[in-house]
**Q** 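Provided herewith is a single structure, encoded as structure tokens, for subsequent inquiry.
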Amino acid sequence: MSAAAGVERGGLGAGGGGVAAMLGGALPPCADPAGELGKLLSGAYPDAGGRFGPFGGRFVPETLMGAMERLERAFAEAMADAAFVQSVAAQGRAWIGRPTPVMVAENLSRAWSGGGGGRVVLKREDLAHTGAHKINNALGQALLARRLGVERVIAETGAGQHGVATAAACARLGLPCRVYMGAVDVARQAPNVQRMRWLGAEVVAVQSGDRTLRAAVDEAFREWVRDPERTHYILGSAIGAHPFPLIVRTFQSVIGREARSQALELLGRLPEAAVACVGGGSNAIGFFHGFLGDGQVELLGAEAGGVGVGVGQHAATIAFGRPGVLHGCHSMLLQDAHGQVQDTRSICAGLDYPGVGPEHAFLSWIGRARYEPVQDAEALGALEDCCRLEGILPALEPSHALALARRWLGRNPSGTVLVNLCGRGDKDMPILMRAMEARAPDGHGADGHGAGAGGGGPVGAGGGTVGVGGAASAGGGQR
Amino acid sequence: MSVPSVGGERVARAIRSAGSGPALVAYVTAGFPSKGALAGLLGACAARAEVLEVGVPFSDPMADGATIQRSSRAALAQGVTLEWILGELAGLTPGLSAPVVLMSYLNPLLNLPGGLGGLGARCAAAGVSAVIVPDLPLEEHAPVRASLSAAGVGLVQLVSPVSAPGRVARAVRVSDGFTYAVTMTGVTGGRAGLGGEVLGYLAGVREAARGVGGAPVVAGFGIRGADQVRALAGVVDGVIVASALVEELERGGDVGALLAGLRGAGV
Ligand SMILES: Cc1ncc(COP(=O)(O)O)c(C=O)c1O
């Protein structure tokens, strides 16, 4: 697998289930994938140290340790409390609109399977309140924050979806909320910034670091260090120090649970593949968890391939990264030879992150899930097809998953692929309008984080079946 | 406490050797303001401080405020790496009167060729006496500590005002070189308010350390003025000056004078 080439340097992880160190050297290939998967399925992972095999852990400043331990305890108690679990489910139904539907996308199926009879099936997480899966975790953690008795909530956001979701959940629960958002993302996801403010949240534009999601997480952690006792940090993806990856996965697992039973009902069987996009990996991990034990279901994660395979051109962490520690956990990481975190690039803010949740690093290590980069132009092509053929405007993030599903159908023209359509694309209108303008004959895509696709090429032409323009698929043949 | 390493013992002795008032630990970001400045800067600091803390710049310094974020970014822009730092220190430490403590976030340490296993030997060869890793709590320290102590290099543990008493007790037992008592909840770069509650917490840490025959206790984060150093006399064994020193360098000022001023000389 692609990650194997990149893991020759230092590492730190569990050996034989404990936290014994793997001192230096390479991350060895997994000796017992079935056994490791068994530990995940049985709940032995994450272990007491927050490890999924060699990945995970809790690498945070001492000042946060008390808050992390409190959070871990409170979460365990909450999940053991039937009233809490019922309240999450009840609000999920009444306020979020769960269960979100599953549908067969007949037109995409025809267009993408080349007459092979294959099917694209969509889990419509875009229909969840506030427009993305992020609300599942935001609601769960906001309820947890109330149990913790904190005075306020902070959050980071990339695309703004987690910020909007957290702002909404805090409004409903009467908790003051401050959201950290990279200045680059404030500019490119403006509609969501306005929504957060209307929902009563304070939005802080982060000017430090790379001014995207990574800097927003850095800054949110710094703020939590300033006030660990009275603040809860609602981390929005399955990243960070233990117990965050577990908490986020738990609240997002509703996606996979629903999707599995809905697919069985709708199709009479399970799909052959389940595809989700992976930024930090929250929608993907919740979705995948529905199918982990179904060995016949191939699990595929779409990472942001950006505009190329070079340093700084993408955010495809598992494809091109090596093990490292960022934001409190040991996972795969885009970093240089000296352990400095690399800059990333993607048309979509939600996937523009150099790390990835430790459980995804683990699933890749044991071979249970595979992760492939999808470039900006290919995602835009899939987005365009989904709009024109299904009347659904997906967010740019799940458009990466759609593009990967399309690729999968190219390999399996008679197969059935279930895609987690984890968000709607309204927030992306500024980017999409620029992309459309850039199509004017003398237009050119703007540079930088996501203003245009394909580094100046014809935007949106990257393989859209019904798209304008005719450039070949940009991502499929890259590697 | 556990037996200190040779390096940790050297640091502890230097701290305890300070005359009146707490020992000074002077922090510099390696390669800031320039790579060429490191040698002169360490020499100037060694003339006034008991211990030198050399910061390895990191792209995502979670526990640092704006000043050290700036100096780290500037150092990285000049191509500073842990390899370069260890190479420079190997040449400089034999001539320095004060022991050197390396401060690094975990990820650059993991990326040393040979990984953590070789970390202790590499530090020892560079003349590094102890290491501070701000994102390595007690629960995760074992592999780093094992590598360092096998090579006679100490690992400093941090405690904070919100550390539970049990955590403080564990930290002072294993901390090797000194125990780093963070003065406040927050990142580096502010100004520590040293009210009775904070002084009480710091005194408690020192009492806990003494109770187990542990390493000296050094207060850090937000130490900027002679008034603070005076207030900490008799409460802790040393103080760390970091952001204030970096800001002095940004102004093109004289770090020797800054350190002398902190001791109260000439102020
Ligand atoms: C719609 C949507 N999908 C996906 C993501 C990526 O996050 P994750 O990988 O945690 O699901 C985001 C993040 O902002 C998002 O808004």
Side-chain angles (χ1 to χ4, degrees), chain A residues 8-13 19-26 48-50 57-69 207-210 214-215 217-219 221-229 241-242 322-328 330 333 335-343 354-355, chain B residues 56-66 69-70 72-73 76 79-84 104-119 133-140 142-144 146-147 157-164 167-168 171 180 182 184-187 190 221:
Chain A
E8 71 280 358
R9 272 172 181 263
L12 165 94
V19 286
M22 232 169 42
L23 292 177
R58 186 181 283 164
F59 300 91
V60 295
E62 170 65 23
T63 305
L64 286 180
M65 287 303 291
M68 305 286 317
E69 285 170 356
Q207 300 289 354
S208 62
D210 71 351
R214 162 183 159 211
V217 177
D218 279 336
E219 213 46 50
F221 266 113
R222 289 188 187 114
E223 180 61 22
W224 204 20
V225 170
R226 277 181 203 110
D227 189 16
E229 305 289 289
H242 180 64
R322 299 184 282 114
V325 170
L326 176 70
H327 295 150
H330 185 234
L333 180 62
Q335 57 188 322
D336 70 12
H338 307 285
Q340 304 297 338
V341 181
Q342 274 172 15
D343 286 344
Chain B
V56 179
F58 182 50
S59 53
D60 292 71
M62 198 196 269
D64 284 300
Q69 288 176 41
R70 269 197 312 276
S72 299
R73 200 159 349 113
L76 289 173
V80 169
T81 65
L82 179 55
E83 289 276 358
W84 176 82
S104 177
Y105 287 85
L106 183 57
N107 205 51
L109 301 180
L110 293 179
N111 280 272
L112 209 53
L116 279 186
L119 174 67
V133 188
D135 54 351
L136 192 70
L138 283 164
E139 286 71 7
E140 305 281 5
V144 176
S147 175
Q157 217 65 50
L158 292 91
V159 297
S160 95
V162 290
S163 298
R167 293 188 66 83
V168 172
Y180 191 143
V182 175
M184 56 183 165
T185 55
V187 294
F221 281 40

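A quick note: this is a predicted structure, and the numbers were derived from the prediction, not measured. Below, chains carry the letters A, B, ... as their sequence lines are ordered, and counting in each starts from 1. Values reported hereafter were calculated over all heavy atoms of this structure, with side chains retained and with hydrogens, waters and symmetry mates removed.
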**Q** Mark yes or no for whether A/Thr63, through its side chain, and B/Thr185, through its backbone, hold a donor-acceptor pair below 3.5 Å.
**A**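 Such a contact is absent between A/Thr63 side chain and B/Thr185 backbone.
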**Q** Is there a donor-acceptor pair closer than 3.5 Å between any side-chain N or O of A/Asp218 and the backbone N or O of B/Met62?
**A**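 Side chain of A/Asp218 to backbone of B/Met62: no pair is present.
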**Q** Could you tell me which of A/Leu333, A/Leu326, A/Val217, A/Val341 has the largest number of non-hydrogen atom pairs under 4.5 Å with chain B?
**A**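 Max contact count across the listed options: A/Val341.
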**Q** Of the non-hydrogen atoms in A/Val325 and B/Asn107, which two are nearest, and what is the gap between them?
**A**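 Heavy atoms only, the tightest pair is N-OD1, 2.8 Å.
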**Q** Between B/Gly65, B/Pro134, B/Gly118, B/Ala66, which residue shows the highest count of heavy-atom pairs closer than 4.5 Å to chain A?
**A**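 Greatest number of close heavy-atom pairs with chain A: B/Pro134.
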**Q** Under 3.5 Å, is there a donor-acceptor pair between the side chain of A/Arg222 and the main chain of B/Asp64?
**A**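 Side chain of A/Arg222 to backbone of B/Asp64, a donor-acceptor pair under 3.5 Å: yes, one is there.
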**Q** So what's closer than 4.5 Å to chain A heavy atoms on B/Leu76: side chain, backbone, both or neither?
**A**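 For B/Leu76, the contact with chain A is made by the side chain alone.
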**Q** Can you give me the closest heavy-atom contact between A/Arg322 and B/Asn111, atom names plus distance?
**A**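 For A/Arg322 versus B/Asn111, the nearest heavy atoms are NH1-OD1, 2.7 Å.
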**Q** Could you pull out the closest heavy-atom pair between A/Arg58 and B/Glu140, with the gap in Å?
**A**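 Closest approach of A/Arg58 to B/Glu140: N-OE2, 2.8 Å.
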**Q** The criterion is ring-ring contact (aromatic ring centres under 6.0 Å, His included); which residues satisfy it with A/His242, sequence neighbours excluded?
**A**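 Per chain and number, A/His242 pairs via ring-ring contact (aromatic ring centres under 6.0 Å, His included) with no residue.
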**Q** Sort B/Arg167 into side chain, backbone, both or neither according to what part of it lies under 4.5 angstrom from a heavy atom of chain A.
**A**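 It is the side chain, since no backbone atom gets that close.
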**Q** Give the minimum heavy-atom separation between A/Phe59 and B/Pro137, together with the two atoms involved.
**A**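 What the structure gives for the nearest pair is CA-CD, 4.1 Å.
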**Q** Can you tell me how far apart CG (B/Asp135) and CG (A/Leu64) are? Round to the nearest 0.5 Å.
**A**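 Answer rounded to 0.5 Å: 11.0 Å.
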**Q** Decide side-chain contact (heavy atoms from CB on, under 4.5 Å) for B/Glu139 and A/Met65; before the verdict, give the C-alpha distance in whole Å, the side-chain angles of both, and the deciding distance to 0.1 Å.
**A** CA-CA 10 Å; B/Glu139 286 71 7; A/Met65 287 303 291; 3.3 Å; yes
**Q** Go through the atoms of A/Pro61 and report whether side chain, backbone, both or neither lie under 4.5 Å from a heavy atom of chain B.
**A**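 Both backbone and side chain.
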**Q** Considering only heavy atoms, which portion of A/Gln335 lies under 4.5 Å from any heavy atom of chain B: side chain, backbone, both, or neither?
**A**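 For A/Gln335, the side chain is the part near chain B, not the backbone.
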**Q** Checking heavy atoms, do the side chain of A/Gln342, its backbone, both or neither come under 4.5 Å from chain B?
**A**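 It is neither, since no heavy atom gets under 4.5 Å.
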**Q** Look only at the side chain of A/Gln340 and the backbone of B/Ser59, and say whether a donor-acceptor pair between them is shorter than 3.5 Å.
**A**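 Checked: pair present.
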**Q** So B/Pro57 and A/His338, do their side chains get closer than 4.5 Å, heavy atoms only?
**A**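 Counting from C-beta outward, A/His338 and B/Pro57 never come under 4.5 Å.
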**Q** I'd like to know if the side chain of B/Ser160 reaches the main chain of A/Glu62, judged simply by a donor and an acceptor atom lying under 3.5 Å from each other, with no hydrogens or angles considered.
**A**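 Here the side-chain-to-backbone pair does not exist.
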**Q** Looking only at heavy atoms and a cut-off of under 4.5 Å, which of A/Arg214, A/Glu219, A/Glu223 has the most pairs with chain B?
**A**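 Highest number of pairs under 4.5 Å: A/Arg214.
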